[in-house]
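Single-structure report; data block below.
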Number of protein chains: 2
Amino acid sequence: MKTLRLNSNDRAVLLGSGFFEQLPAAASSAILDDVVVSTHEEHDVLFAQGEALDHVFFVLSGLVRLYRLGKDGREADIAVFPKSELFRESAMFLGNRATANAQAIETTMLARIDSRKLRKLAEQTPEIADALMQLLCRHAQMAEDCLAEDRLLTAPQRVASYILGNCPDGITNFSFRLPFQKNVLAGKLGLAPEALSRAFSALRRSGVTVKGRIIEIHDRQALERF
Amino acid sequence: MKTLRLNSNDRAVLLGSGFFEQLPAAASSAILDDVVVSTHEEHDVLFAQGEALDHVFFVLSGLVRLYRLGKDGREADIAVFPKSELFRESAMFLGNRATANAQAIETTMLARIDSRKLRKLAEQTPEIADALMQLLCRHAQMAEDCLAEDRLLTAPQRVASYILGNCPDGITNFSFRLPFQKNVLAGKLGLAPEALSRAFSALRRSGVTVKGRIIEIHDRQALERF
DNA sequence: ATCGTGGTTTGACCTCGATCAAATAAGAAC
DNA sequence: GTTCTTATTTGATCGAGGTCAAACCACGAT
């Protein structure tokens with residue numbers, strides 16, 4: 001891990017993200033004032049469950065996986081954060097302790113925002129508090145969705161749901177490229193890689209074609225029915 | 001469902017809860033100013049997925065279950081809220097739409113706080129914003145915990161974890177009464193009632209005794225190892 | 001005490017997905 | 001291209017839980 005200062009490109013990425021977009025420029029500047037950037041190699045562990053965390057993280061580039069360890073060593077993914085996502089904002093309000101491990105899935109650059117300072121700024125700036133609350137809700141919502149899907153859907157249904165989430169409404173024919181390895185998708189969906197593979201092949205008869213990372217849909221209806 | 005005004009007893013319950021406790025009296029009063037109380041019978045549906053929701057709810061008495069429906073009609077519990085819990089605060093920031101169904105598990109009284117107003121007050125009062133953020137984090141955390149447990153633990157382990165969560169640290173011998181039917185506990189843990197029953201009997205050999213709603217633990221260590 | 005009703009347990013069976021092992025494909029480096 | 005390495009797929013097996021049915025039990029109503 002190397003740490004650097006924020007350059008103007010990084011700054012642009014930050015300001016263009018969902019979180020900062022809705023803030024007045026002054027508020028953003030105040031937050032970004034003393035931000036530090038750190039770089040991480042694939043597989044690097046960013047922090048571990050239980051550690052003290054005094055930053056909130058923003059993914060400038062790369063991909064981060066949040067996961068917990070079972071006592072037998074198995075891993076369960078909680079979330080995957082792509083470029084432009086802010087994460088671990090909730091630690092700020094829960095004693096600054098990490099409740100999960102985080103790992104760089106690929107070469108990753110993070111912006112680190114001092115959490116104490118951010119919290120203080122949130123107290124003084126209603127817009128920041130509001131943006132934080134929206135972010136917290138979004139993340140809570142994602143966890144809730146995930147929980148519901150785990151409990152209600154079979155593996156092929158979860159995969160279908162993931163595909164549909166990446167396919168604009170109303171279109172029947174569509175194709176897109178997975179933003180990460182199938183490996184990672186499997187983890188995100190709470191499946192073993194083998195199960196994901198089998199799920200894809202089960203979806204083949206509903207008009208889903210998989211070539212490497214490219215997913216093609218030929219019949220949206222069929223997927224929705226699945 | 002009948003609606004009433006807030007009486008002084010209700011008010012005491014509200015003010016004694018984790019959320020209001022940390023607020024200055026003036027802030028609490030402002031929030032509670034035009035709160036309405038509604039009463040619900042066992043099994044009443046409070047709201048359904050997708051409905052517009054312009055209140056945040058507080059459980060004055062009783063028990064509420066939050067759940068989603070699968071397209072085959074199966075239900076998956078997202079959370080169970082006991083007396084003194086505030087819930088659906090996240091809808092406030094996500095377009096005031098319910099993302100799940102809610103049902104009274106037993107006779108229940110709810111205080112309904114106007115969400116638009118609460119959001120406005122949060123903008124003006126940093127303490128309220130802060131309390132809301134803490135609440136959001138707690139709920140996000142619960143969902144995350146739940147997801148991790150679902151993915152990492154077997155049924156008996158989840159039950160053990162639930163029991164341990166109700167047992168003070170450091171004590172080896174302990175007993176408590178379930179705050180609801182086994183039925184409900186099963187749902188909360190993502191299990192069929194039969195599976196819960198079998199889990200309990202699997203834990204018997206680790207020193208757990210179940211008599212009706214009373215759970216007795218005779219060997220904390222054994223439970224932790226499970 | 002008796003009856004009923006609804007919660008809980010037990011048994012039998014079956015499905016889904018985890019796991020292990022092995023075969024393939026797909027990149028990356030040369 | 002060739003080779004090495006790492007992803008992905010496929011096959012075979014197994015176990016955790018879901019589901020259905022039936023027995024059991026508790027407790028309130030009569």
Side-chain angles (χ1 to χ4, degrees), chain A residues 41-43 63 65 67 70 72-77 105-107 146-162 177-205 208-215 226, chain B residues 41-43 63 65 70 72-77 105-107 147-162 177-205 208-215 226:
Chain A
E41 293 308 310
E42 200 175 342
H43 299 138
L63 206 54
R65 185 172 83 97
Y67 63 101
D72 52 358
R74 277 190 10 265
E75 303 183 346
D77 284 27
I105 289 175
E106 42 185 67
T107 304
C146 216
L147 184 63
E149 294 212 338
D150 270 26
R151 290 183 173 180
L152 289 172
L153 305 183
T154 65
Q157 288 175 321
R158 298 215 285 270
V159 176
S161 159
Y162 174 79
R177 186 185 152 81
L178 289 177
F180 31 62
Q181 288 185 319
K182 299 219 176 89
N183 215 351
V184 177
L185 177 58
K188 187 176 148 75
L189 298 178
L191 296 173
E194 295 95 325
L196 175 65
S197 181
R198 286 187 242 268
F200 272 130
S201 79
L203 292 178
R204 199 160 302 145
R205 62 191 103 270
V208 175
T209 317
V210 181
K211 287 198 206 80
R213 283 203 192 171
I214 306 294
I215 314 284
F226 206 94
Chain B
E41 294 308 311
E42 201 175 340
H43 299 139
L63 206 55
R65 184 171 83 98
D72 52 358
R74 277 190 10 263
E75 302 183 346
D77 283 27
I105 289 176
E106 42 185 67
T107 304
L147 184 63
E149 295 212 338
D150 270 25
R151 290 184 172 180
L152 288 172
L153 305 184
T154 65
Q157 289 176 321
R158 299 216 282 271
V159 176
S161 159
Y162 174 79
R177 185 184 152 81
L178 289 178
F180 32 62
Q181 289 185 319
K182 298 220 178 87
N183 216 347
V184 178
L185 178 58
K188 188 175 147 74
L189 298 178
L191 296 173
E194 296 94 327
L196 175 65
S197 182
R198 286 186 242 267
F200 271 131
S201 80
L203 291 178
R204 200 159 300 146
R205 60 193 106 271
V208 175
T209 317
V210 181
K211 288 198 206 80
R213 281 202 194 174
I214 307 293
I215 313 284
F226 206 94

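Proteins come first, then strands; the chains are lettered A, B, ... in the order of their sequence lines, and each starts at number 1. Given the structure is predicted, the values throughout are model-derived calculations rather than measurements.
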Using atom CG of Leu152(A) as one end and atom C1' of dT19(D) as the other, report the distance to the nearest whole Å.
16 Å

Between CD1 of Ile214(B) and C1' of dA26(D) the distance, given in whole Å, is 14 Å

Member of Val159(A), Leu153(A), Thr154(A) meeting the side-chain contact (heavy atoms from CB on, under 4.5 Å) criterion with Pro156(A):
Thr154(A)

Can you tell me the distance, in whole Å, between the CD atom of Gln181(A) and the P atom of dT5(D)?
17 Å

Should Tyr162(B) and Leu196(B) count as side-chain neighbours, where that means a heavy-atom distance under 4.5 Å?
no

Using whole Å, what does the distance between atom P of nucleotide dA16(D) and atom CG of Asp150(B) come to?
17 Å

Specify the residue among Gly212(A) and Ala155(A) whose closest nucleotide of DNA chain C lies further upstream toward the 5′ end.
Ala155(A)

Among Glu106(B), Glu42(B), Gln181(B), side-chain contact (heavy atoms from CB on, under 4.5 Å) partner for Leu63(B)
Glu106(B)

So does Arg74(B) get a side-chain nitrogen or oxygen closer than 4.0 Å to the phosphate oxygens (OP1/OP2) of dT19(D)?
yes

Donor-acceptor pair, Arg158(A) side chain versus Leu189(A) backbone, under 3.5 Å?
yes

Can you tell me the distance, in whole Å, between the CD1 atom of Ile105(A) and the C1' atom of dA7(D)?
15 Å

Starting at atom CZ of Phe200(A), determine the distance to atom P of dT8(D), rounded to an integer number of angstrom.
10 Å

In terms of heavy-atom contacts, Ala76(A) and Arg151(B) come closest through CB-CB, 3.8 Å

Whole-Å distance between dG17(D) C1' and Leu153(B) CG?
15 Å

Check DNA chain C against residues 182-196 of chain A and give the residues with a non-hydrogen atom under 4.0 Å, in numerical order.
Gly190(A), Leu191(A), Ala192(A), Glu194(A), Ala195(A)

Is Arg204(A) close to Val210(A) at the side-chain level, that is, under 4.5 Å between some pair of heavy atoms?
no

From the 5' end of DNA chain C to its 3' end, which nucleotides mark the outer limits of contact with chain A, defined by a 4.0 Å heavy-atom distance cut-off (strictly under)?
dG17(C) to dC20(C)

To the nearest 0.5 Å, atom CZ of Arg177(B) lies from atom CD1 of Ile215(B) at 10.5 Å

Take the protein atom CG of Asp72(B) and the nucleotide atom C1' of dG18(D), then report the distance between them rounded to whole Å.
12 Å

What's the spacing between Leu203(A) CG and Gln157(A) CD if we round to 0.5 Å?
9.5 Å

Any side-chain heavy-atom pair from Phe200(B) and Leu185(B) closer than 4.5 angstrom?
yes

